[in-house]
A.B. asks: 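One structure follows; several queries about it will come next.
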Amino acid sequence: MVNLKEIAENLIQGKAPKVKELVQKAVDEGQDVQKILDEGLLTGMSVVGEKFKRNEFYVPEVLIAARAMKAGMEVLRPLLVERDIKGAGKVVLGTVRGDLHDIGKNLVGMMLEGAGFEIIDLGIDVSPERFVETAREKNADIIGLSALLTTTMPAMKEVISVLEKENLKGKIKVMIGGAPVTQDYADEIGADGYAPDAASAVDKAKELVGEK
Ligand code: B1M
């Protein structure tokens with residue numbers, strides 16, 4: 001039986017092939033997918049974050065660990081999205097302008113996809129105008145914004161301003177999230193919803209589509 005701590009350890013050390021192998025093994029053994037994600041990959045990534053904060057890790061180490069995280073997520077992706085109940089709604093998703101963090105955003109996308117949402121993922125460093133234009137063109141229900149830096153959070157407010165200018169506020173809902181983001185911040189900028197993690201993002205997205 002794979003010890004999930006071993007997955008976390010290898011992720012911290014940035015050993016992508018090993019992480020992928022162990023995650024695959026844990027899946028094959030029938031271990032719970034959510035547990036593999038939480039106790040293996042996410043636990044490892046949170047240690048990386050702590051080390052980064054204490055200057056024990058620098059950007060290259062974090063990038064290598066992020067690559068290992070992605071390798072593990074590749075294995076879990078089909079399992080997280082397989083629930084596939086189509087037609088829950090359409091979400092334009094992305095990381096806001098100036099921000100290059102995409103691991104959490106990708107996880108949110110996978111979980112939403114698993115819950116039957118159609119995801120249009122615009123990637124990272126996305127301008128407010130592009131979010132709104134795409135959502136309008138694709139007739140999306142929700143714009144999902146991710147920000148990991150306190151310095152990029154104001155870009156979320158800009159998306160809402162563009163929606164207001166285009167008279168789309170309320171018609172296209174805005175859901176926000178990311179480590180520094182809070183419900184208070186969502187209230188402050190007039191976002192329709194906030195979710196602290198990927199699982200709650202699914203609940204919140206369903207709620208927002210239901211309100212329309
Ligand atoms: Co960055 N970084 N980083 N980094 N990085 C943080 C965010 C930081 C907290 C680290 C620290 O100091 N402890 C810090 C921000 C400080 C601040 O603003 N307060 C920081 C910094 C400073 C920086 C740079 C400025 C460093 C530098 O260059 N000096 C730089 C900025 C680059 C830029 O964006 N312009 C930078 C760069 C990087 C890397 C490129 C090296 C890499 C990103 C790789 C990648 O994403 N492809 C990286 C990483 C990996 C991190 C940490 C270590 C981990 C982030 C992560 O992936 N977490 C991070 C420390 C930390 O957060 N502990 C850190 C795992 C992920 C699953 O969680 O993204 O929170 P998270 O997503 C969660 C929830 O937040 C939520 O659900 C997800 C799943 O549960 N969620 C949503 C996220 N989006 C959502 C959207 C929703 C709903 C929920 O609705 C739409």
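Bear in mind the structure is a predicted one, so any value in this text is a computation, not a measurement. Every number for a ligand or one of its atoms is a count from 1 in the order of the listing.
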A.B. asks: Under 3.5 Å, side chain of Tyr185 to main-chain N/O of Met153, donor-acceptor pair present?
C.D. replies: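 Answer holds: yes.
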A.B. asks: Do you see a protein non-hydrogen atom under 4.0 Å from atom 9 (C) of ligand 1?
C.D. replies: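 Protein heavy atom within 4.0 Å of atom 9 (C) of ligand 1: absent.
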A.B. asks: Please confirm whether Gly178 approaches ligand 1 to less than 4.0 Å, judged on its heavy atoms.
C.D. replies: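 Under 4.0 Å: yes for Gly178.
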A.B. asks: Checking contacts here: is it the side chain or the backbone of Thr151 that comes within 4.0 Å of ligand 1, counting heavy atoms only? Could be both or neither.
C.D. replies: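 No part of Thr151 is near ligand 1 at this cut-off.
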A.B. asks: Starting from atom 40 (C) of ligand 1, find the nearest protein heavy-atom neighbour and note its residue, name and distance.
C.D. replies: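 For atom 40 (C) of ligand 1, the nearest protein heavy atom is Leu63 CD2, 3.9 Å.
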A.B. asks: Return the residue, atom name and 0.1 Å-rounded distance of the protein heavy atom closest to atom 44 (C) of ligand 1.
C.D. replies: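 Closest protein heavy atom to atom 44 (C) of ligand 1: Ala66 CB, 3.9 Å.
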A.B. asks: Could you walk me through whether Glu207 and Lys204 pass the salt bridge (charged side-chain N to carboxylate O under 4.0 Å, His left out) test, one step at a time?
C.D. replies: CA-CA 5 Å; Glu207 192 186 309; Lys204 186 51 78 180; 3.2 Å; yes
A.B. asks: Could you tell me, atom by atom, which parts of ligand 1 come under 4.0 Å of a heavy atom of Asp99?
C.D. replies: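 In order of numbering, the contacting atoms are 34 (O).
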A.B. asks: Mind checking whether Ala65 has a heavy atom under 4.0 Å from ligand 1?
C.D. replies: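 Contact absent.
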A.B. asks: Which residue owns the protein heavy atom closest to atom 72 (O) of ligand 1, what's the atom, and how far is it?
C.D. replies: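 For atom 72 (O) of ligand 1, the nearest protein heavy atom comes out as Gly104 CA, 3.3 Å.
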A.B. asks: Quick one: does Glu74's side chain have a donor or acceptor within less than 3.5 Å of a partner on Ala71's backbone?
C.D. replies: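 Checking the backbone N and O of Ala71 against the side chain of Glu74, no donor-acceptor pair under 3.5 Å is found.
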A.B. asks: Hey, is the main chain of Arg97 close enough, under 3.5 Å, to the side chain of Asp125 for a donor-acceptor pair?
C.D. replies: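 Judged by distance alone, no pair lies under 3.5 Å.
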A.B. asks: I'd like to check Glu21 versus Asn10 (side-chain heavy atoms, cut-off strictly below 4.5 Å). Are they in contact?
C.D. replies: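 Of all side-chain heavy-atom pairs linking Asn10 with Glu21, none is under 4.5 Å.
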A.B. asks: Heavy atoms only, cut-off 4.0 Å: how does Leu107 contact ligand 1, side chain, backbone, both, or neither?
C.D. replies: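 It is the side chain that touches ligand 1; the backbone stays farther off.
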A.B. asks: Quiz question for you: does at least one protein heavy atom lie closer than 4.0 Å to atom 37 (C) of ligand 1?
C.D. replies: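 At least one protein heavy atom is under 4.0 Å away.
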A.B. asks: Provide, to 0.1 Å, the distance between atom 34 (O) of ligand 1 and the closest protein heavy atom, together with that atom's residue and name.
C.D. replies: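 Looking only at protein heavy atoms, the one closest to atom 34 (O) of ligand 1 is Leu100 N, 2.7 Å.
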A.B. asks: For ligand 1, note which part of Leu145 has a heavy atom under 4.0 Å away: side chain, backbone, both or neither.
C.D. replies: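 Looking at Leu145 and ligand 1, just backbone atoms fall under 4.0 Å.
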A.B. asks: Does the protein put any heavy atom within less than 4.0 Å of atom 83 (C) of ligand 1?
C.D. replies: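 Protein heavy atom within 4.0 Å of atom 83 (C) of ligand 1: present.
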A.B. asks: Can you name the atoms of ligand 1, numbered from 1 with element, that are less than 4.0 Å from a heavy atom of Leu42?
C.D. replies: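 In order of number, 67 (C).
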A.B. asks: Would you tell me whether Asp203 and Ser200 have side-chain atoms, one donor and one acceptor, within less than 3.5 Å of each other?
C.D. replies: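 No, because no side-chain N or O of Asp203 sits under 3.5 Å from a partner of the opposite role on Ser200.
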A.B. asks: Looking only at protein heavy atoms, which one is nearest to atom 45 (C) of ligand 1, and what is the separation?
C.D. replies: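 Looking at atom 45 (C) of ligand 1, the protein heavy atom closest to it is Asp102 OD1, 3.4 Å.
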A.B. asks: Among all protein heavy atoms, pick out the one at the shortest distance from atom 35 (N) of ligand 1; state its residue, atom name and that distance to 0.1 Å.
C.D. replies: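 The answer is Gly98 O, 3.0 Å.
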A.B. asks: Would you kindly specify which portion of Lys70 sits under 4.0 Å from ligand 1, judged on non-hydrogen atoms: side chain, backbone, both or neither?
C.D. replies: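 Looking at Lys70 and ligand 1, just side chain atoms fall under 4.0 Å.
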A.B. asks: Heavy-atom distances under 4.0 Å decide this one: backbone, side chain, both or neither, for Met45 against ligand 1?
C.D. replies: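 Within the 4.0 Å criterion, Met45 contacts ligand 1 through side-chain atoms alone.
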A.B. asks: Could you tell me the residue and atom name of the protein heavy atom closest to atom 63 (N) of ligand 1, and the distance to it rounded to 0.1 Å?
C.D. replies: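 Checked against all protein heavy atoms, atom 63 (N) of ligand 1 sits closest to Gly49 CA, 3.8 Å.
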A.B. asks: Of the backbone atoms (N, CA, C, O) and the side-chain heavy atoms from C-beta on, which set of Ser46 has a member under 4.0 Å from an atom of ligand 1: side chain, backbone, both, or neither?
C.D. replies: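 Neither part.
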A.B. asks: Which part of Asp197 is near ligand 1, with near meaning a heavy atom under 4.0 Å away: side chain, backbone, both or neither?
C.D. replies: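 The answer is both.
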A.B. asks: Which of these, Met110, Lys51, Lys204, His101, has its nearest heavy atom closest to atom 51 (C) of ligand 1?
C.D. replies: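 Among Met110, Lys51, Lys204, His101, the closest heavy atom to atom 51 (C) of ligand 1 comes from His101.
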A.B. asks: Can you sort out which atoms of ligand 1 are near Ala195, meaning under 4.0 Å from one of its heavy atoms?
C.D. replies: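 Heavy-atom distances to Ala195 below 4.0 Å select 88 (C), 89 (C).
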A.B. asks: Among all protein heavy atoms, pick out the one at the shortest distance from atom 22 (C) of ligand 1; state its residue, atom name and that distance to 0.1 Å.
C.D. replies: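 The answer is Leu149 CD2, 4.1 Å.
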